[in-house]
There are 2 protein chains.
Amino acid sequence: MARLPVYLRALNGLAERGIATVSSEDLAASAGVNSAKLRKDLSHLGSYGTRGVGYDVDYLIYQISRELGLTQDWAVAIVGVGNLGRALANYGGFASRGFRIASLLDADPEVVGDRIAGLTVEHIDKLESVIRERDVSIVVIATPATSAQEVCERVTRAGITSILNFAPVVLTVPDGVDVRKVDLSIELQILAFHEQRKAVGAAGGPGGSAQVGPGIGPGAGNEWAEAVEA
Amino acid sequence: MARLPVYLRALNGLAERGIATVSSEDLAASAGVNSAKLRKDLSHLGSYGTRGVGYDVDYLIYQISRELGLTQDWAVAIVGVGNLGRALANYGGFASRGFRIASLLDADPEVVGDRIAGLTVEHIDKLESVIRERDVSIVVIATPATSAQEVCERVTRAGITSILNFAPVVLTVPDGVDVRKVDLSIELQILAFHEQRKAVGAAGGPGGSAQVGPGIGPGAGNEWAEAVEA
DNA sequence: GTCCGTTTGTGAAGGATTGCACAAAGTCAC
DNA sequence: GTGACTTTGTGCAATCCTTCACAAACGGAC
């Protein structure tokens with residue numbers, strides 16, 4: 001389920017505040033979902049709750065982490081050390097979830113050799129050897145659009161089957177390779193869409209400033225979160 | 001519809017290559033969706049296609065842009081000029097879609113006064129006056145988690161009803177305020193989940209390296225894209 | 001041990017989304 | 001103008017997801 005990471009963050013927040021057990025109702029509120037949905041999601045992992053009491057926070061964190069594969073160490077390589085690559089390299093939330101940045105790579109000789117987040121930027125020529133020798137299993141592409149497909153082909157040939165793509169292109173990959181894309185402008189576009197709706201609704205509509213249109217989402221708090229430390 | 005921005009990007013790609021008309025089949029392939037779904041989505045905006053021919057690329061771009069409210073100019077303020085704030089400020093894809101960055105704000109005196117992407121970083125004290133005087137309608141929060149809620153409250157009091165949140169917290173907002181959150185680590189967690197599944201599948205499962213589990217998504221290309229220029 | 005309040009886990013209903021399949025509508029060649 | 005071919009727009013069935021509602025299970029008080 002794509003909601004497990006959201007639950008995991010909510011749980012981590014509770015754990016930091018020293019809360020030992022939590023009911024589905026409270027956890028659902030923290031995560032911004034319906035409590036029945038949360039219970040059904042969690043029941044797919046097994047029966048880790050205690051009726052009459054709730055869920056043990058630490059135990060549930062462990063179980064979800066295990067389900068998501070976060071109990072093991074994942075070596076990640078970031079290709080493209082522009083502004084975004086730097087932001088990702090400095091992001092503290094990766095290491096705490098088992099993601100270890102094994103390498104930063106770039107094609108620009110101006111950037112190669114820079115030290116960022118404790119790592120020295122390496123030349124893209126070393127891409128294949130880095131993947132092989134450091135057991136990299138996930139590659140983050142933060143290059144310009146023009147280079148993304150080429151990088152993609154090189155890493156898939158090197159055996160990578162998981163790619164996180166920030167470049168504004170649709171990557172073509174062989175079967176069995178999993179690509180996820182992150183777009184920063186699409187979120188803004190969706191906000192603009194709602195903002196426009198509020199405007200026309202206020203002008204002639206029936207209700208005034210409604211939250212969001214039906215079918216779009218349950219309103220504020222229905223989407224992922226977590227970010228790069230500024 | 002949350003898929004319109006995806007179609008829009010696919011269309012822009014076609015327009016750049018000089019393609020004047022496109023069939024639902026081809027456009028659906030570019031966007032990574034089913035062609036019937038695409039036609040149904042587009043039919044909700046009106047009948048802009050020509051049977052036997054397809055859709056006029058430029059006209060469809062205009063219609064979708066209008067529907068999304070991208071034909072007007074949106075003034076955006078970015079609060080928090082760390083690595084991510086900088087990456088967003090330098091992102092070229094905003095301006096081309098009608099998003100104009102009206103201000104960069106930060107609390108750190110070290111950063112205030114820096115020139116980034118043609119703008120001078122302003123002090124957070126000016127938040128309210130900037131919103132008022134420059135007609136800002138969307139605020140991007142790229143601050144550390146600890147400051148996000150405070151910034152959120154200030155901007156909502158200043159009349160903002162659309163917030164894009166990159167900080168790793170769930171923001172509490174009044175009714176009528178629309179918040180979207182972007183998480184960079186959740187995408188990695190989902191990749192790790194699939195990667196782990198492939199591993200256990202190869203060990204004892206029936207199929208080998210299946211694309212993704214059922215119910216998660218149709219595979220590569222099912223999620224947003226577009227990014228910060230590296 | 002028994003009773004009572006609380007909370008989980010899940011069957012069932014309801015609603016939304018998806019994809020097939022096809023009629024209606026258009027272009028193009030001649 | 002006519003016929004063949006292409007493509008849109010949409011009714012319909014199937015599927016997925018969500019939410020309600022409630023029985024089973026647990027802890028705690030006495």
Side-chain angles (χ1 to χ4, degrees), chain A residues 1-4 6-7 10-11 14 19-61 63-64 67 190 211-224, chain B residues 1-7 10-11 14 19-61 63-64 67 190 211-219 221-224:
Chain A
M1 294 290 170
R3 282 186 296 267
L4 288 180
V6 180
Y7 301 157
L11 285 165
L14 295 172
I19 297 170
T21 63
V22 65
S23 71
S24 64
E25 202 75 42
D26 292 347
L27 182 56
S30 295
V33 300
N34 181 285
S35 68
K37 178 157 56 173
L38 180 133
R39 286 199 299 275
K40 191 153 284 188
D41 286 346
L42 294 184
S43 73
H44 283 296
L45 318 181
S47 287
Y48 298 135
T50 306
R51 300 180 186 214
V53 178
Y55 298 89
D56 183 274
V57 173
D58 288 336
Y59 187 52
L60 197 52
I61 286 175
Q63 289 297 344
I64 293 180
E67 179 75 13
I190 294 171
Q211 182 81 335
V212 290
I216 305 276
N222 63 319
E223 278 294 332
W224 5 65
Chain B
M1 296 289 174
R3 281 186 296 268
L4 288 180
V6 180
Y7 301 157
L11 285 165
L14 295 171
I19 297 170
T21 63
V22 66
S23 70
S24 64
E25 202 76 40
D26 292 347
L27 181 56
S30 295
V33 299
N34 181 285
S35 69
K37 178 157 54 174
L38 181 133
R39 286 198 300 275
K40 193 156 286 186
D41 285 346
L42 294 185
S43 73
H44 283 293
L45 318 181
S47 288
Y48 297 134
T50 308
R51 301 181 185 215
V53 178
Y55 298 89
D56 184 274
V57 173
D58 288 336
Y59 187 53
L60 197 52
I61 287 175
Q63 289 297 344
I64 293 180
E67 179 75 12
I190 294 171
Q211 183 81 335
V212 289
I216 306 277
N222 62 317
E223 278 296 333
W224 8 64

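Per chain, numbering begins at 1; letters A, B, ... match sequence-line order. Computed from heavy atoms alone, side chains included, the values below leave out hydrogens, waters and symmetry copies.
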State whether [X] places a side-chain N or O below 4.0 Å from either non-bridging phosphate oxygen (OP1 or OP2) of [N].
X: A:Y55; N: D:dC26; result: no
X: B:N34; N: C:dC20; result: yes
X: A:S24; N: C:dT8; result: yes
X: A:R39; N: D:dC22; result: no

*side-chain contact (heavy atoms from CB on, under 4.5 Å) between B:V6 and B:V33, worked out*: CA-CA 10 Å; B:V6 180; B:V33 299; 6.0 Å; no

Flag the pair [X] / [Y] as yes when at least one side-chain heavy-atom distance between them is below 4.5 Å, and no otherwise.
X: A:H44; Y: A:K40; answer: yes
X: A:R39; Y: A:S43; answer: no
X: B:L4; Y: B:L45; answer: yes

Spacing of [X] atom [atom1] relative to [N] atom [atom2], expressed in whole Å:
X: B:R3; N: C:dA16; atom1: CZ; atom2: C1'; value: 12 Å
X: B:L38; N: C:dC20; atom1: CG; atom2: C1'; value: 16 Å
X: B:Y7; N: D:dT8; atom1: OH; atom2: P; value: 13 Å

_Assuming nearest nucleotide by heavy-atom distance, tell me which of A:K37 and A:T50 is located more 5' along DNA chain D._
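The residue mapped nearer the 5' terminus is A:K37.
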
*Mind running a 4.0 Å heavy-atom check of residues 40-49 of chain A against DNA chain C and sending the residues that fall below it, in number order?*
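Going residue by residue through residues 40-49 of chain A, the ones with a heavy atom under 4.0 Å of DNA chain C turn out to be A:K40, A:S43, A:S47, A:Y48, A:G49.
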
*Taking all heavy atoms of A:I19 and all of A:V57, pick out the closest pair and write down the distance.*
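For A:I19 and A:V57, the tightest heavy-atom pair comes out as O-CG2, 3.4 Å.
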
*Evaluate the side-chain contact (heavy atoms from CB on, under 4.5 Å) criterion for residues B:Y7 and B:L38: first the C-alpha distance (whole Å), next the side-chain angles of each, then the deciding distance (0.1 Å), finally the verdict.*
CA-CA 9 Å; B:Y7 301 157; B:L38 181 133; 3.8 Å; yes

*Selection from D:dT7, D:dA25, C:dG19 that lies nearest to any side-chain heavy atom of A:R51*: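 The answer is D:dA25, which lies nearest to the side chain.
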
